[in-house]
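In what follows, a single structure is set out as structure tokens and then discussed.
In this text, all values refer to a predicted model and were calculated from it rather than measured experimentally. What's counted below: heavy atoms across the whole structure, side chains too, no hydrogens, waters or symmetry copies. The sequence lines fix the lettering, A, B, ..., with proteins before strands; numbering per chain opens at 1.
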Amino acid sequence: MDADQSSATEGTEYTPQELMVAAAAREIYDGDTVFVGMRLPMLAYQLAVSTHAPNALALFESGVIRDDPAGTFIHTMCDLPNQFEAVATTDMLAVMGRLQRGDVDLGFLGTAEIDRFGNLNTTRVGPSDDPIRLPGSGGACDIACLAHETVVLMRHEPRRFVDQVTYVTSPGYPTDGSGADGRPSPGAGPRRLVTSKATFGFDDCGELYLRTVHPGVDPQSIHDDMPWELKTRETVDEEPVGQTAPPTPDELELIRTFDPEGFWTS
Amino acid sequence: MTVDKRITLEEAIERIEPGESIALGLALEHAIPFAAGHELIRQGTDELTLIGPISDILFDQLVGAGLVSNIQAAWVGNVSIGSGYRFREAIEGDELTIENHSNLSIATALEAGRLGLPSMPTRSLLGSDILEEGPFETYCDPVDGEEHVLVPAITPDWAIVHAQRASPAGDVHLWGNVGVTPQAVGAASDVIVTVEEIVDPSVIKSDPSRVAITREQVTAVVECPFGAHPSPLAGYYRRDHGHYISYGQHTKTQGGYDTWVKEWIFDIEDRAAYTERLDTSLEPVSADRAAEVRYGR
């Protein structure tokens, strides 16, 4: 079964993006202060606060602070449903100040490229004499530097895993293997990478390792996608590579309430 | 006796000279001054430097019109679909330069400008190529002995803000999230405010905690209903998602942009004619009111 197609489990169909939202939501712990980015993380926060993390607080870089899901579908963090009955609608330095002080437990990041140490690029790809320009950092660099931990979400394509990112937009761990201690910025670095085929952790050296594959994905295909020899969970904590839990029917129902036409999740 | 700063949008934008720098799109996806941007395109004010955290499609529209030489921003694109195609093509063709920021570094640069400081430190950027390629300096702070990044101040010639309402003198009520609006307004030499409604000064003074900008900061006040469309404005209209998606689909080529800009800007007389073209109902779905506020005396 190809994970890029809708997968069936216990009779329930879901898309890879819906599974990513569910997996990302589980990284939010109850009571966390979460810096929520655009797209899938918006849905992940809404799912988490509606299920296992009712006391998670969401900070948005626009200045919005929320403690519950927006009432209806949103494209952006500034849409009126995300401002309506928010905890507060402040300014950027108010929320970035909380981030820089070290008050944010978890931040979400997306990326076009990732290296084996979790360094991310959303600025430009391709050869230097013929680059392809991407939109840039937004708040991603700040979240990568300053959130206590981060979770990275990325569509799973082999070309996105690279030995060296073209541009370090959002720093992960140093490429010398010095791990969290070697980072020049205050945050501890990425905790997790969630792709459309698998989830990954980072070991003490800051190196990516395979934790779980999504239902129907052959673990060997993940190894084949990497330009380096991928570590797996066995070498880190002697646990076998597991299977990612698919979204439950309740989680799916909620995700489809937040994104009723599948704008972000199909 | 206060000075009446009301002028037309055309008159306000005429004050901006080619080659000047403008901060706009300061509340992120909220309250983007699209009407003012479209008037810049009508007037052809060029060689501009654009400053902002994330611009959504307004920067892309100004780039497509050939008006932009330089951008200082954290993110430039189309939030609903990702890429801004006019921006991409201009950067890839070396037609404009960009100083890449993060949201915090652009906010810090404007905050330094607002406070009249040459620079301010941040703990962000360390380990990134934004730091390596940008105008930033690392230093060892004499107080905590740690390495930080100095962000040089940015002091725009102009800030353009769209808000809910203002008095004729330029005292402005703005609510909802405001992004880096306070920083940019404080850092800019001159400020143009477009608003949904000009109101009696007593309305503004009835709720002084809601005043985001005061008269001495403001150069011109323009009444401009629907001036932020297609971005949302708290209390007035929702975001017109379809407009962003349609803009992206129609501007993948410069020829497509040229058709778009003719249809939506050059062939349209003014903002009133623009709003008549819109077929989407964007009324806020809730008429709920905030609790009454009293100040006492």
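- Proximity to chain B among residues 259-266 of chain A is limited to A:F263, A:W264, judged by heavy-atom separations below 4.5 angstrom.
- Identified by a heavy-atom distance below 4.5 Å to chain B, the contributing residues of residues 121-132 of chain A are A:T123, A:R124, A:P131, A:I132, in residue-number order.
- Taken from CZ in B:R238 to CG in A:D79, the straight-line distance is 9.5 Å, to the nearest 0.5 Å.
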Audit row: A:Y167, B:I130, side-chain contact (heavy atoms from CB on, under 4.5 Å) steps and yes/no = CA-CA 9 Å; A:Y167 184 104; B:I130 299 173; 3.5 Å; yes
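- Interface with chain B: from residues 135-144 of chain A, residues A:P135, A:G136, A:S137, A:G138, A:G139, A:C141, A:D142 qualify, criterion being any non-hydrogen pair under 4.5 Å.
- Heavy-atom distances place both the backbone and the side chain of A:C78 under 4.5 Å from chain B.
- Here the CD-NE2 distance, from A:Q100 to B:H148, works out to 8.5 Å after rounding to the nearest 0.5 Å.
- With chain A as partner, the option from B:G77, B:P182, B:S128 having the largest number of non-hydrogen pairs under 4.5 angstrom is B:S128.
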Evaluation steps, side-chain contact (heavy atoms from CB on, under 4.5 Å), between B:I98 and A:R133 = CA-CA 11 Å; B:I98 182 160; A:R133 174 69 203 199; 3.8 Å; yes
Give the C-alpha distance, both sets of side-chain angles, the deciding distance and a yes or no for side-chain hydrogen bond (donor to acceptor under 3.5 Å, both in side chains) between B:E29 and A:S62.
-> CA-CA 8 Å; B:E29 298 91 356; A:S62 60; 5.6 Å; no
List the steps and the verdict of side-chain contact (heavy atoms from CB on, under 4.5 Å) for B:L104 and A:L146.
-> CA-CA 11 Å; B:L104 181 51; A:L146 301 169; 3.7 Å; yes
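- Taking chain A as the reference chain and counting heavy-atom pairs below 4.5 Å, the highest number among B:A107, B:S105, B:G127, B:P53 is found for B:G127.
- Pairs engaging residues 83-93 of chain A under the side-chain hydrogen bond (donor to acceptor under 3.5 Å, both in side chains) rule: A:Q83-B:N177 [sequence neighbours left out].
- Within a 6.0 Å sphere centred on CD of B:Q254, heavy atoms belonging to other residues, nucleotides or ligands number more than 12.
- Within 6.0 Å of the CG atom in B:D207, the count of heavy atoms belonging to other residues, nucleotides or ligands exceeds 12.
- Looking at B:D288 and A:F84, their side chains come closer than 4.5 Å, going by heavy atoms from C-beta outward.
- Ring geometry for A:H75 versus B:H241: interplanar angle under 30°, hence parallel rather than tilted (30 to 60°).
- Each of B:A234, B:G176, B:S231, B:A73 has some count of heavy-atom pairs under 4.5 Å with chain A, and the biggest count is that of B:G176.
- Chain A forms the most heavy-atom pairs under 4.5 Å with one residue out of B:D56, B:I54, B:N103, and that residue is B:N103.
- Ranking A:V165, A:I74, A:I65, A:L93 against chain B, the residue ahead of the rest is A:L93, based on heavy-atom pairs under 4.5 Å.
- Among the candidates A:G63, A:P171, A:P186, A:G187, the residue making the largest number of heavy-atom pairs closer than 4.5 Å to chain B is A:P171.
- For chain B, no part of A:F60 is nearby; none of its heavy atoms comes within less than 4.5 Å.
- Using a 4.5 Å heavy-atom cutoff, the side chains of A:M38 and B:V79 are in contact.
- In this structure, chain B has a heavy atom under 4.5 Å from the side chain of A:R39, while its backbone stays farther away.
- Pairing each heavy atom of B:P232 with each of A:L80, the nearest pair is CB-CD2, 3.9 Å.
- Closest approach of B:L126 and A:C145 over heavy atoms only: O-SG, 3.7 Å.
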Passes side-chain contact (heavy atoms from CB on, under 4.5 Å), A:E61 versus B:L28? Steps please.
-> CA-CA 8 Å; A:E61 58 208 358; B:L28 281 76; 3.8 Å; yes
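- Between A:T169 atom OG1 and B:N100 atom CG the span is 8.0 Å, to the nearest 0.5 Å.
- Within the 4.5 angstrom heavy-atom criterion, no atom of B:E146 approaches chain A.
- Nearest heavy-atom pair across A:S185 and B:R123 is CB-O, 4.2 Å.
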